[in-house]
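Numbers restart at 1 for each chain; the letters A, B, ... are given by sequence-line order, proteins then strands.
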2 protein chains.
Amino acid sequence: MDCTNNTNNTPDNETIARFAKAMGHPTRIEILRFLASLDSCYFGDIHNELPISKATVSQHLKELKDAGLIQGEIETPKVKYCINRENWEKAQSYFVQFFSLKHDKTSCCK
Amino acid sequence: MDCTNNTNNTPDNETIARFAKAMGHPTRIEILRFLASLDSCYFGDIHNELPISKATVSQHLKELKDAGLIQGEIETPKVKYCINRENWEKAQSYFVQFFSLKHDKTSCCK
DNA sequence: AATATTGTTTGTAATTTTGCGAACAACAAA
DNA sequence: TTTGTTGTTCGCAAAATTACAAACAATATT
């Protein structure tokens with residue numbers, strides 16, 4: 001699925017929720033951190049970093065790819081993964097904007 | 001559960017994933033936006049904004065509360081909800097820091 | 001005491017997520 | 001052609017998520 005359906009900078013709830021959901025698992029956060037720290041990033045490199053089966057790694061990568069946060073490219077016989085920079089920066093701006101909603105008010109509860 | 005277990009500004013994967021997971025549903029994003037825009041925020045006000053049953057609203061509020069993003073206070077016979085400012089700002093800084101991991105590299109994939 | 005108001009909790013059902021082993025696909029090398 | 005390497009997909013099971021109606025709890029009001 002494509003997460004680039006918002007061209008302005010006021011994403012709808014579904015858009016930001018989709019990014020957040022993809023980030024809602026420790027293993028996927030770990031994968032994103034790892035990819036953000038590397039230039040080379042084959043599937044095997046990612047799998048080596050994690051204590052889980054390759055099937056599960058592949059599944060997490062698929063979810064991150066579907067959410068648009070990463071992309072994959074076949075380099076036979078390997079598969080090279082990396083951050084999807086364009087969507088990464090979109091997600092970044094969406095989260096920044098979202099959290100800045102609460103910036104100069106006092107909490108209504110004690 | 002308490003999401004304030006990280007006092008420094010380098011949250012572990014579980015901490016950021018827990019915040020992200022709580023934000024991983026459109027209805028919960030809507031609730032957070034609504035709470036961030038209001039001073040008064042009783043359960044009924046939130047329920048009125050949403051086309052879902054009160055049981056489901058209550059459940060989403062519980063998840064947001066467990067994640068630490070909101071807090072509730074009983075004002076008999078109502079319940080007042082609001083953003084948990086302290087954790088909101090923690091989450092904000094965690095996400096900002098996380099996304100800034102990728103800031104001056106080119107994508108490794110074409 | 002009976003009623004009404006405000007939300008939470010319980011019970012239930014359908015769907016999704018998570019994880020793994022095994023099978024599979026694509027290709028290179030022996 | 002067989003073998004090895006790299007990952008994906010399939011099939012399965014367990015657990016978690018989502019949503020709702022109904023029951024419940026706590027407190028006012030009549």
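Residue B/Thr56 has a polar side-chain atom (N or O) positioned under 4.0 Å from OP1 or OP2 of D/dC20. Between A/Lys62 and D/dG7 there is no side-chain N or O to OP1 or OP2 distance below 4.0 Å. Proximity of B/Lys21 to the phosphate of D/dT17: a side-chain N or O atom is located under 4.0 Å from OP1 or OP2. In terms of phosphate contacts, B/His47 brings no side-chain nitrogen or oxygen within less than 4.0 Å of OP1 or OP2 of C/dT5.
Using a 4.0 Å heavy-atom distance criterion, A/Ile74 is classed as making no nucleic acid contact. Nucleic acid contact for B/Glu63: sugar-phosphate only, since backbone atoms but no base atoms lie under 4.0 Å from a heavy atom of the residue. Residue contacts for A/Thr76: at a heavy-atom cut-off of 4.0 Å it reaches the sugar-phosphate backbone alone, with no base atom in range.
The listed nucleotides are D/dT8, D/dC20, C/dT8; the one nearest the side chain of B/Ser53 is D/dC20. When the nucleotides D/dC20, C/dT6, D/dT8 are ranked by their closest atom to the side chain of B/Pro77, C/dT6 comes out on top. Comparing D/dT8, C/dG7, C/dG19 by their nearest atom to the side chain of A/Gln59 picks out C/dG19. Residue B/His25 places its side chain closer to D/dT18 than to any other of C/dC20, D/dT18, C/dT8. Distances from the side chain of A/Ser58 to the nucleotides D/dT9, D/dA28, C/dT6 place D/dT9 closest.
Taking atom CD1 of residue A/Ile52 and atom C1' of nucleotide D/dG7, one finds them 14 Å apart after rounding to whole Å. When rounded to the nearest whole Å, the span between CZ of B/Arg18 and P of D/dT17 equals 13 Å. Put simply, NZ on A/Lys78 is 13 Å from P on D/dT8, counting in whole angstrom units. Taking atom CG on B/Leu64 and atom C1' on D/dT18, their separation rounds to 14 Å, with Å as the unit. At whole-Å resolution of the value, CD1 in A/Ile46 and P in D/dG7 are 9 Å apart. A/Lys54 places its NZ atom 14 Å from the P atom of C/dC24, with the value rounded to the nearest Å. Following rounding to the nearest Å, B/Asp45 (CG) and C/dT5 (P) show an atom-to-atom distance of 17 Å. Whole-Å rounding puts the B/Ile31 CD1 to C/dG7 C1' distance at 14 Å.
Ring orientation note: the planes of B/His25 and B/His60 are tilted relative to one another, at an angle of 30° to 60°. Aromatic ring pairs are classed by plane angle as parallel below 30°, tilted from 30° to 60° and perpendicular above 60°; the pair B/Tyr94 and B/Phe19 is tilted.
Residues A/Leu69 and B/Val96 are members of separate hydrophobic clusters, defined by side-chain heavy-atom contacts under 4.5 angstrom among Ile, Leu, Val, Met, Phe, Trp and Tyr.
Nearest-nucleotide positions on DNA chain D for B/Thr27 and A/Phe43 put A/Phe43 closer to the 5' end. When the nearest nucleotides of DNA chain C are assigned to B/Val57 and A/His60 by heavy-atom distance, the more 5′-ward of the two goes with B/Val57.
When A/Trp88, A/Phe95, A/Phe99 are each tested for a ring pair (Phe, Tyr, Trp, His ring centres under 6.0 Å) with B/Phe98, only one passes: A/Trp88.
In summary, A/Glu75 and A/Lys80 engage in a salt bridge, as defined by a charged side-chain N under 4.0 Å from a carboxylate O.
B/Leu50 has its side chain out of reach of B/Phe34: every pair of non-hydrogen atoms, C-beta onward, lies at least 4.5 Å apart.
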